[in-house]
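The residues of the chain are indexed from 1 along the displayed sequence. If you're wondering where the values come from, they're calculated on a predicted model, not measured in any experiment.
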Amino acid sequence: MEVALVLHMNGGVGDASYANNSLVQRKVICLTKPIREEAITNLYYCNTLPKSLAIADLGCSSGPNTLFVVSEFIKIVEKLCRELKHKSPEYKVYLNDLPGNDFNNIFKSLDTFKEKLCDEIGSAIGPSYFSGVPGSFYSRLFPNRSLDFVHSSYSLQWLSKVPEGVENNRSNIYIGSTSPTNVVRAYYQQFQRDFSVFLKCRAEELVEGGRMVLTILGRKSDDPSSKEGCYIWELMATALNDMVLQGTIKKEQLDTFNIPQYTPSPSEVKLEVLKEGSFFIDRLEVSEVHWNAFDEWNALEFEYERSESLSDGGYNVAQCMRAVAEPMLVSHFGEDIIEEVFSRYQQILADRMSKEKTKFFNVTILLTRKA
């Protein structure tokens, strides 16, 4: 699997698009807002009368969440400027994702975004300049010392590639309860390599005292094969294995398909930061959110239209996962199986969710670039 080519969320605004199936991600962004507020406020106070601020959102995707953190950043800074009677800085905003991301949809929304932001603030803001930056964040993306603030949410669990040496992970598509120990080890080592490279690159791109807030889909448990990080993919593997039994999918196809993801524990994230050595750790926290984000629906908090179908938890979660996984599945298995895979997956999810509590766990870390 060529990850850079097939790892992207479903574009557009259709029923299976990421734009219409990213409420879980929005809820996670809202849960971690206090950490970002702390980071942005401290950044501003430490950067006396900044004339400009450069912000990068890595793994920005496309949809209602893409500009949410940028909006939040500008609102906080503008509020501080008014309180301190400072002139607004100019904002340089960099939106990064892999080349397959739907950047066109983002660019089309910018004028509306700026108008709405000014209306919400109640006054004009400092000049703002937006750039799309296609490319892997496991490489350099920006010039030395050019960024003040880096944000990434629900992106760093994705690896740069499927780990090598996982050929014996048969009937699984990720780490599972039946995965051999060498497979678990290969996934962890790939995460270590990738996250270390990420930290080294950002350390070169951030200014001294620059802040970075990272939220990663992870787990609380120290066991990489625990349900906390693996269960949602195990259930998709169940749907695919059922299709192997009925002859719709060849077993060889399934046995050679593995998801390029790793859901780290807080201690694993902390270890890599300490080993790399360029950052102070200001905060390290774990939060959780239900698989079915509509379990905790708040119409005032989230700008999503609710339809009758959204009362079906299995449907909601299957659509959420489809928006994320469909491009990878199509690349490996072809388009013909997609409807059946997600129909089966929806039924399996509904059954499991009716019998047990199902949650995503999120590891959030706030870092400051050392001198």
Assess, by modelled atom type and distance only, whether the side chains of [X] and [Y] contain a donor and an acceptor separated by less than 3.5 Å.
X    : Y    : result
R219 : T263 : no
T215 : N362 : no
S196 : K200 : yes
N169 : N258 : yes
S221 : D223 : no

Does [X] reach the side chain of [Y], with side-chain heavy atoms less than 4.5 Å apart?
X    : Y    : value
V133 : F142 : yes
P89  : K51  : no
F137 : D194 : no
M243 : I337 : yes
L367 : F280 : no
W233 : M321 : yes
I125 : C118 : yes
L95  : V93  : yes

Ignoring hydrogens, what is the shortest heavy-atom contact between [X] and [Y]? Give both atom names and the distance.
X    : Y    : answer
A39  : V213 : CB-CG2, 3.8 Å
P264 : L217 : CD-O, 3.5 Å
S146 : A54  : O-CB, 3.2 Å
H290 : F360 : O-CD1, 4.2 Å
A186 : P163 : O-CB, 3.6 Å
L67  : S109 : CD1-OG, 3.9 Å

K270 NZ: over 12 foreign heavy atoms closer than 6.0 Å: no
Run the side-chain hydrogen bond (donor to acceptor under 3.5 Å, both in side chains) test against [X] and tell me which residues pass, sequence neighbours left out.
X    : result
S343 : none
S155 : none
Y91  : E78
K227 : E356

In Å and rounded to the nearest 0.5 Å, what is the [atom1] to [atom2] distance from [X] to [Y]?
X    : Y    : atom1 : atom2 : value
I348 : M236 : CD1   : CE    : 10.0 Å
L156 : I365 : CG    : CD1   : 11.0 Å
D148 : M212 : CG    : CE    : 13.5 Å
C81  : I76  : SG    : CD1   : 12.0 Å
L199 : E272 : CG    : CD    : 8.0 Å

Residues forming a side-chain contact (heavy atoms from CB on, under 4.5 Å) with [X], sequence neighbours excluded:
X    : answer
K79  : R82, E83
N144 : R140, E204
S177 : E234
A318 : Y345, Q346, L349

By the salt bridge (charged side-chain N to carboxylate O under 4.0 Å, His left out) test, which pairs, at least two apart or in different chains, include something from residues 256-265? none
Among all residues two or more places apart in sequence or in another chain, which pass the salt bridge (charged side-chain N to carboxylate O under 4.0 Å, His left out) test with K251? D255
Does [X] count as lying over the ring of [Y], i.e. NZ or CZ under 6.0 Å from the six-ring centre, within 45 degrees of the axis?
X    : Y    : result
R26  : F68  : yes
R202 : F198 : yes
K370 : F279 : no

Among W158, F257, Y187, which residue meets the ring pair (Phe, Tyr, Trp, His ring centres under 6.0 Å) test with Y174? Y187
What pairs meet the ring pair (Phe, Tyr, Trp, His ring centres under 6.0 Å) rule with one or both residues in residues 98-135, with sequence neighbours excluded? F113-F130
Are V207 and L366 grouped together when hydrophobic residues (ILVMFWY) are joined by side-chain heavy atoms under 4.5 angstrom apart? no
side-chain hydrogen bond (donor to acceptor under 3.5 Å, both in side chains): which pairs involve residues 235-249, sequence neighbours left out? Q246-T248, Q246-E340, Q246-R344
